[in-house]
Amino acid sequence: MVKIYNDSHQLYGSPKIAVILHKHGIQGCQKYVYSIMKEANIKPKYLKHKIKTTISKGNDRKLHNLLKRQFNPKDLEHV
């Protein structure tokens, strides 16, 4: 089980490890694998997906004012 965990770069948790063990003919449910991992203090790493929130340079030429609105920030100062 530790080999599977390390081969996955410490990403796999008990559900995936239990499936891999089952494919290799080793019987054991996910809860059993979880309890063994907990006793050995083995925790999977959780990766956050990075969301690109900025527009790269060069794309500003492709963007168009489809609504044809004209915004003037100076007019909004008096509101």
Side-chain angles (χ1 to χ4, degrees):
M1 178 172 37
V2 176
K3 183 178 181 340
I4 296 170
Y5 174 74
N6 288 329
D7 288 346
S8 73
H9 303 287
Q10 301 174 346
L11 295 175
Y12 286 178
S14 58
K16 285 187 180 181
I17 292 176
V19 169
I20 293 171
L21 289 174
H22 185 69
K23 287 181 182 178
H24 286 86
I26 301 171
Q27 297 296 324
C29 65
Q30 183 260 330
K31 288 183 181 181
Y32 179 68
V33 173
Y34 172 78
S35 65
I36 292 174
M37 289 177 69
K38 189 173 181 179
E39 287 177 12
N41 200 20
I42 297 174
K43 296 179 183 178
K45 296 177 187 174
Y46 292 101
L47 301 176
K48 290 186 176 181
H49 296 283
K50 294 182 180 178
I51 299 172
K52 187 175 180 180
T53 59
T54 58
I55 298 172
S56 63
K57 293 180 181 176
N59 280 345
D60 55 348
R61 286 182 238 127
K62 297 177 185 176
L63 301 175
H64 302 286
N65 186 1
L66 298 177
L67 300 177
K68 307 288 188 230
R69 289 186 170 177
Q70 300 298 322
F71 293 103
N72 190 354
K74 293 181 181 179
D75 290 343
L76 296 176
E77 290 178 4
H78 300 295
V79 175

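Since this is a predicted model, take the numbers as computed values, not measurements.
- Each salt bridge (Lys or Arg N to Asp or Glu O under 4.0 Å) pair with one or both residues in residues 1-26, not counting sequence neighbours, appears once here: K3-D7.
- Considering every non-hydrogen atom in both G28 and A18, the closest pair reads O-CB, 4.3 Å.
- When all heavy atoms of S14 and Q30 are compared, the closest pair comes out as OG-NE2, 2.7 Å.
- The number of heavy-atom neighbours closer than 6.0 Å to OH of Y12, taken from other residues, nucleotides and ligands shown, is 12 or below.
- Cluster annotation: Y34 and I20 are assigned to distinct hydrophobic clusters (Ile/Leu/Val/Met/Phe/Trp/Tyr, side-chain heavy-atom contacts under 4.5 Å, transitive).
- The nearest pair of heavy atoms linking M37 to P44 is CE-CD, 4.4 Å.
- The list of salt bridge (Lys or Arg N to Asp or Glu O under 4.0 Å) pairs with a residue in residues 35-48, not counting sequence neighbours, is empty.
- A single hydrophobic cluster is seen to contain both Y5 and Y32, as judged by linkage of ILVMFWY side chains at heavy-atom distances under 4.5 Å, directly or through other members.
- Applying the side-chain contact (heavy atoms from CB on, under 4.5 Å) rule to L21 yields the partners I4, I17, I26, V33; only residues at least two apart in sequence or on another chain are considered.
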